[in-house]
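See below for the structure under consideration.
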Amino acid sequence: MEVKNLCKAYGDRPVLENVSFTVGVGVTALWGPSGVGKTTLLRLLLGLEKPDGGRLVGTDLRWSAVFQEDRLLEGLDAAGNLRFALGPAYDTRAAEAMLEELGLADVGSKPVGAWSGGMKRRLALARALLAPSEAIALDEPFTGLDEENRQRAIRAIRRAAETKPVILVTHDRTELNLLRANIVNL
């Protein structure tokens with residue numbers, strides 16, 4: 001996957017100017033201060049927005065994603081959210097194993113609307129990691145996670161990155177080292 005001289009502006013305000021990099025299997029981290037265009041770049045890669053200039057090569061893939069918002073169905077439990085999102089790709093054993101790995105095995109049938117923010121974030125991550133995809137986009141996947149659950153999430157992401165590209169936005173450089181990420185400075 002290749003990003004070549006990508007440009008994007010909102011009105012007369014440029015957000016991305018001539019951004020270029022290559023992505024392969026493994027974790028690629030988009031790094032930079034707030035407002036530099038990291039989320040915009042993810043949206044462009046996912047095809048949710050169109051660039052003003054430049055080219056995206058090899059990004060026409062089946063993506064799964066964690067957005068800044070968890071986008072969960074608050075009235076459903078963990079299994080219900082995963083079943084809804086994954087449809088026929090839902091696999092009970094794989095879902096239970098992922099929930100266990102991310103520390104959510106004991107949530108039972110409690111609706112996610114009653115969960116903490118960190119629990120919701122881990123379920124959003126589980127959904128993205130379980131979804132059939134060729135690439136994964138993660139926008140601040142560690143938000144609201146304590147150290148133990150951050151480590152769980154890092155291990156799960158690293159495993160996914162063994163076989164496909166994972167593009168990630170985070171503000172913590174320690175996480176990037178643990179993920180062995182290729183860093184793209186914006």
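Quick caveat: nothing in here was measured; it's all calculated off a predicted structure.
Using a 4.5 Å heavy-atom threshold, the side chains of T143 and E140 count as touching. In this structure the side chain of P141 reaches within 4.5 angstrom of the side chain of L168, judged on heavy atoms. Contact of the M1 side chain with the V57 side chain is not registered, since no non-hydrogen atoms from C-beta on lie closer than 4.5 Å. Within the 4.5 Å cutoff, the side chain of F84 has heavy atoms near those of the L73 side chain. Contact check for R127 versus M98: no side-chain heavy atoms found under the 4.5 Å cut-off. Side-chain atoms of L30 and N185, non-hydrogen and from C-beta on, never get closer than 4.5 Å to each other. Contact of the T163 side chain with the V25 side chain is not registered, since no non-hydrogen atoms from C-beta on lie closer than 4.5 Å. Looking at heavy atoms from C-beta onward, I136 lies out of side-chain contact with I167 at the 4.5 angstrom threshold.
For R55, the CZ atom sits in a loose shell: 12 or fewer heavy atoms of surrounding residues, nucleotides or ligands are nearer than 6.0 Å. Other residues, nucleotides and ligands contribute only 12 or fewer heavy atoms inside 6.0 Å of the CG atom of D60.
The shortest heavy-atom contact between A94 and L130 is O-CD2, 3.8 Å. Closest approach of A153 to L102, counting heavy atoms only: CA-CD2, 3.9 Å. Smallest separation of non-hydrogen atoms from L99 and A78: CD1-CB, 4.0 Å. When every heavy atom of L138 is checked against every heavy atom of I157, the shortest pair comes out as CD1-CD1, 3.7 Å. Shortest non-hydrogen contact noted between L125 and V66 is CA-CG2, 3.7 Å. Among all heavy-atom pairs drawn from L56 and V3, the shortest one is CD2-CG2, 3.9 Å.
Formation of a donor-acceptor pair under 3.5 Å by the K164 side chain with backbone atoms of G24 is not found in this model. Judged by distance alone, the side chain of S20 and the main-chain N or O of K4 form no donor-acceptor pair under 3.5 Å.
Atoms CG and CZ, from L179 and R173 in turn, are 12.5 Å apart once rounded to the nearest 0.5 Å. Between atom CG of residue L76 and atom OG of residue S109 there is a gap of 11.5 Å, rounded to the nearest 0.5 Å. Distance check, rounded to the nearest 0.5 Å: OG1 of T28 to CG of N182 gives 5.0 Å. Rounding to the nearest 0.5 Å places CG of L104 at 12.5 Å from NZ of K120. Atom CG of D91 and atom CD of E96 lie 9.0 Å apart (nearest 0.5 Å). Atom SG of C7 sits about 4.0 Å away from atom CG of N18, to the nearest 0.5 Å.
Tracing side-chain contacts under 4.5 Å through hydrophobic residues (I, L, V, M, F, W, Y), one reaches L6 starting from L42; they form part of the same cluster. The hydrophobic clustering, which links ILVMFWY residues whose side-chain heavy atoms are closer than 4.5 Å, places F21 and V15 together. Neither L186 nor I183 shares a network with the other; the hydrophobic side chains, linked directly or stepwise wherever heavy atoms of I, L, V, M, F, W or Y lie under 4.5 Å apart, form separate groups for each. In terms of hydrophobic clustering, with Ile, Leu, Val, Met, Phe, Trp and Tyr side chains grouped at heavy-atom distances under 4.5 Å, V184 and W31 are assigned to different clusters. Hydrophobic cluster membership differs between V27 and V169, with clusters built from Ile, Leu, Val, Met, Phe, Trp and Tyr side chains linked at under 4.5 angstrom.
Shown here are the side chain to side chain contact (heavy atoms under 4.5 Å, CB included) partners of Q68, two or more places apart in sequence or in another chain: T39, D139. Partners of E134 under the side chain to side chain contact (heavy atoms under 4.5 Å, CB included) rule, at least two apart in sequence or in another chain, are L61, R62.
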Check the pair Q151, L178 against side-chain contact (heavy atoms from CB on, under 4.5 Å), reporting the backbone distance first and the verdict last. CA-CA 9 Å; Q151 292 303 317; L178 293 171; 3.5 Å; yes
Would N149 and R122 satisfy side-chain hydrogen bond (donor to acceptor under 3.5 Å, both in side chains), going step by step from the backbone distance to the final call? CA-CA 8 Å; N149 288 310; R122 286 180 280 149; 3.2 Å; yes
Evaluate the criterion side-chain contact (heavy atoms from CB on, under 4.5 Å) for residue pair L72 and W115; output intermediate values, then yes/no. CA-CA 11 Å; L72 299 170; W115 290 16; 5.7 Å; no
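Between K110 and D77, none of the side-chain N atoms (NZ, or NE/NH1/NH2) sits under 4.0 Å from a carboxylate O, so this pair counts as no salt bridge. Salt-bridge check for E175 with R150: passed, with a basic side-chain N closer than 4.0 Å to an acidic carboxylate O. Note on K8 versus E17: no salt bridge recorded, every NZ/NE/NH1/NH2 to OD/OE distance being 4.0 Å or above. Between R158 and E162 there is no salt bridge, since no side-chain N of the basic residue sits under 4.0 Å from a carboxylate O of the acidic one.
The side-chain tip of R71 points at the ring of F67 from less than 6.0 angstrom away and within 45° of straight on.
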